[in-house]
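Sharing a structure below in structure tokens format, with a few things to ask.
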Amino acid sequence: MEIEVSSRNMKFLECFSSQTRVRIIELLNVQPMNIKSLSEALDIKSPIVTRHIHMLEEAGIVRCESIAGKRGMQKLCHLRLTHAMLLFRGTVPADESKKYMVSLPVGHYSSCQIKPTCGLASETQMIGMCDDPRYFADPEHVKARVLWFGSGYVEYRIPNYMVNNETPESLEISLEICSETPCAVNRLPSDIAFMLNGVGIGTWTYPGDFGSTRGLYTPEWWHKNIQHGLIKTIRVNRQGSFIDGIQVSDVTIDRLMLAYDKEILFRISCSASAKNCGGVTLFGKGFGNYNQDIDVTLRCD
């Protein structure tokens, strides 16, 4: 997650002005806790803890759920974010009317070429059989909320809502992804490559080993090895291409040849010949640790 240091993000930035809120983050990093447990650990009253938790929730740092306890319902708090990067030199243009956003479900790919191990699942069940690539062409694939493949690619068509007198300034894509595939061995790193409009913008090596803790949003029926991934933010602007703020190539947004009357092609791949070929798993809403699909933001001058 990338946060621009600006007045627009004061709800997030103010969370770190309190030692109590920072201490809450430290405690939730160890394990989820309810309000009563936090109150006892911090030695402050529950209503005060509740106000701090509400602020952390609004900022997207903490996620809470109501669960049944010994004395009725209780609020269980989870640490939602794994990392955040502060941007002191932001790229957001002053005119927010020239910002176009779209969210693509992970099952809405337009083309693919994959090899096992592979599979798809909706929020309620598997789509077809595990390790059978034919089901990636099944019409039900659009309902997928999680998908995985050992090698190959999936490609998405991103709608382009620019008008003909606008010039693209930056393109940002956020998604939850990991390397290991749910039907395979755990702890496999993977060289995952990203491509836009046929141009390779960079490769990121996923470290592996993210199956030991259950995903916050993963359904109860899901018992595969892989539970969640990491949020990765891909940004292409006039300076180059970046993943989580780290430059991965010199490919600029001009190289992508974005045009108002053409869709944007976004490909995610893992080559069978890569040094680390541990596969790809994509998590959408209802799976993993982040309740989101593939979120795209296009900003123009």
Side-chain angles (χ1 to χ4, degrees), residues 1 32 57 60-67 76-83 102-109 112 114 116-133 135-136 138-150 152-156 173-188 190 192 194 204 206-234 244 266 268-270 278-296:
M1 183 178 186
E57 269 192 291
I61 298 170
V62 166
R63 180 184 74 87
C64 298
E65 60 178 339
S66 295
I67 62 172
L76 187 64
C77 307
H78 304 262
L79 187 60
R80 183 175 185 271
L81 284 184
T82 57
H83 68 277
V102 64
S103 185
L104 299 174
V106 297
H108 281 226
Y109 50 84
C112 66
I114 55 92
T117 181
C118 60
L120 311 98
S122 68
E123 281 187 288
T124 58
Q125 62 185 359
M126 293 287 295
I127 298 174
M129 298 176 61
C130 191
D131 292 347
D132 191 338
Y135 286 98
F136 274 69
D138 190 299
E140 292 290 300
H141 78 76
V142 297
K143 298 180 181 179
R145 297 298 182 91
V146 62
L147 66 82
W148 62 96
F149 54 91
Y153 71 85
V154 289
E155 186 169 81
Y156 297 86
I173 301 173
S174 172
L175 72 167
E176 184 174 357
I177 189 170
C178 76
S179 63
E180 310 103 319
T181 53
C183 299
V185 180
N186 208 355
R187 301 192 178 118
L188 294 177
S190 195
I192 301 174
F194 302 101
W204 168 65
Y206 190 91
D209 194 17
F210 278 83
S212 58
T213 305
R214 187 162 192 84
L216 296 180
Y217 294 95
T218 301
E220 290 296 325
W221 67 268
W222 179 262
H223 298 295
K224 304 294 184 180
N225 291 338
I226 305 307
Q227 292 288 325
H228 63 87
L230 294 174
I231 281 288
K232 305 310 292 181
T233 301
I234 303 158
D244 291 342
F266 175 51
I268 305 166
S269 65
C270 177
V280 175
T281 301
L282 296 175
F283 300 89
K285 284 186 176 179
F287 274 86
N289 276 355
Y290 304 88
N291 201 28
Q292 70 167 71
D293 291 313
I294 300 173
D295 292 341
V296 182

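All heavy atoms count here, side chains included; hydrogens, waters and symmetry mates do not. Predicted model only: the values in this text are computed from it and were never measured.
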### Query
Can you name the closest pair of heavy atoms from Cys270 and Gly150 and give their distance?
SG-O, 4.1 Å
### Query
Hey, what do you get for CD1 (Ile61) to CZ (Arg80), rounding to the nearest 0.5 Å?
10.5 Å
### Task
Kindly determine whether Tyr109 and Leu147 satisfy side-chain contact (heavy atoms from CB on, under 4.5 Å), including the steps that lead there.
CA-CA 11 Å; Tyr109 50 84; Leu147 66 82; 3.9 Å; yes
### Query
So, for Cys130 and Thr117, which heavy atoms are closest and what is the spacing to 0.1 Å?
SG-OG1, 4.4 Å
### Task
Give a yes or no on whether the backbone of Lys285 and the side-chain of Asp293 come within a donor-acceptor separation of less than 3.5 Å.
yes
### Task
Establish, for the pair Arg145 and Tyr217, whether the NZ or CZ atom is under 6.0 angstrom from the six-membered ring centre and no further than 45 degrees off its axis.
no
### Message
Can you tell me how far apart CD1 (Ile268) and CG (Leu175) are? Round to the nearest 0.5 Å.
### Response
5.0 Å
### Summary
Heavy-atom closest pair (Trp204 atom, Leu230 atom, distance to 0.1 Å) is CZ2-CD1, 4.4 Å
### Message
With a 3.5 Å distance limit and no angle check, can you tell me whether Thr281 reaches the backbone of Trp148 through a side-chain donor-acceptor pair?
### Response
no
### Message
Using every non-hydrogen atom in the two residues, find where Cys112 and Phe136 come nearest and quote the distance to one decimal.
### Response
SG-CB, 3.8 Å
### Task
Could you tell me whether a side-chain N or O of Gln227 sits under 3.5 Å from a main-chain N or O of Thr218, the two making a donor and an acceptor?
no
### Message
Return the SG to OH distance between Cys118 and Tyr135, rounded to the nearest 0.5 Å.
### Response
11.0 Å
### Query
Within the side chain of Glu176, is there an N or O that forms a donor-acceptor pair under 3.5 Å with the backbone of Tyr290?
yes
### Query
Taking all non-hydrogen atoms of both residues, which atom of Leu120 and which atom of Ala144 are closest, and how far apart?
CD2-CB, 3.9 Å
### Message
Is there a side-chain contact (heavy atoms from CB on, under 4.5 Å) between Leu104 and Phe266? Walk through the geometry before answering.
### Response
CA-CA 11 Å; Leu104 299 174; Phe266 175 51; over 6 Å; no
### Task
Over all heavy atoms of both residues, which pair between Trp221 and Glu123 is shortest? Give the atoms and the distance, please.
NE1-O, 2.7 Å
### Query
Roughly how far, to the nearest 0.5 Å, is NE2 of His108 from CD1 of Ile294?
10.5 Å
### Distance, nearest 0.5 Å, that separates OH of Tyr156 from CG of Leu282
5.0 Å
### Message
As a quick check of understanding, evaluate side-chain contact (heavy atoms from CB on, under 4.5 Å) for Ile226 and Phe283, giving each step before the final call.
### Response
CA-CA 10 Å; Ile226 305 307; Phe283 300 89; 3.5 Å; yes
### Query
Mind checking whether Phe287 and Trp222 have parallel, tilted or perpendicular rings, split at 30° and 60°?
perpendicular
### Task
Keeping the roles fixed (side chain from Gln292, backbone from Ser174), state whether a donor-acceptor pair exists under 3.5 Å.
yes
### Query
So, the side chain of Ser190 versus the backbone of Gly278: is there a donor-acceptor pair under 3.5 Å, distance only?
yes
### Query
Any donor-acceptor pair under 3.5 Å linking the side chain of Asp244 with the backbone of Thr233?
yes
### Query
Going from CD on Glu65 to CG on Leu216, what distance comes out if it is rounded to the nearest 0.5 angstrom?
8.0 Å
### Message
Keeping Asn291 on the side-chain end and Gly286 on the backbone end, is there a donor-acceptor pair under 3.5 Å?
### Response
yes
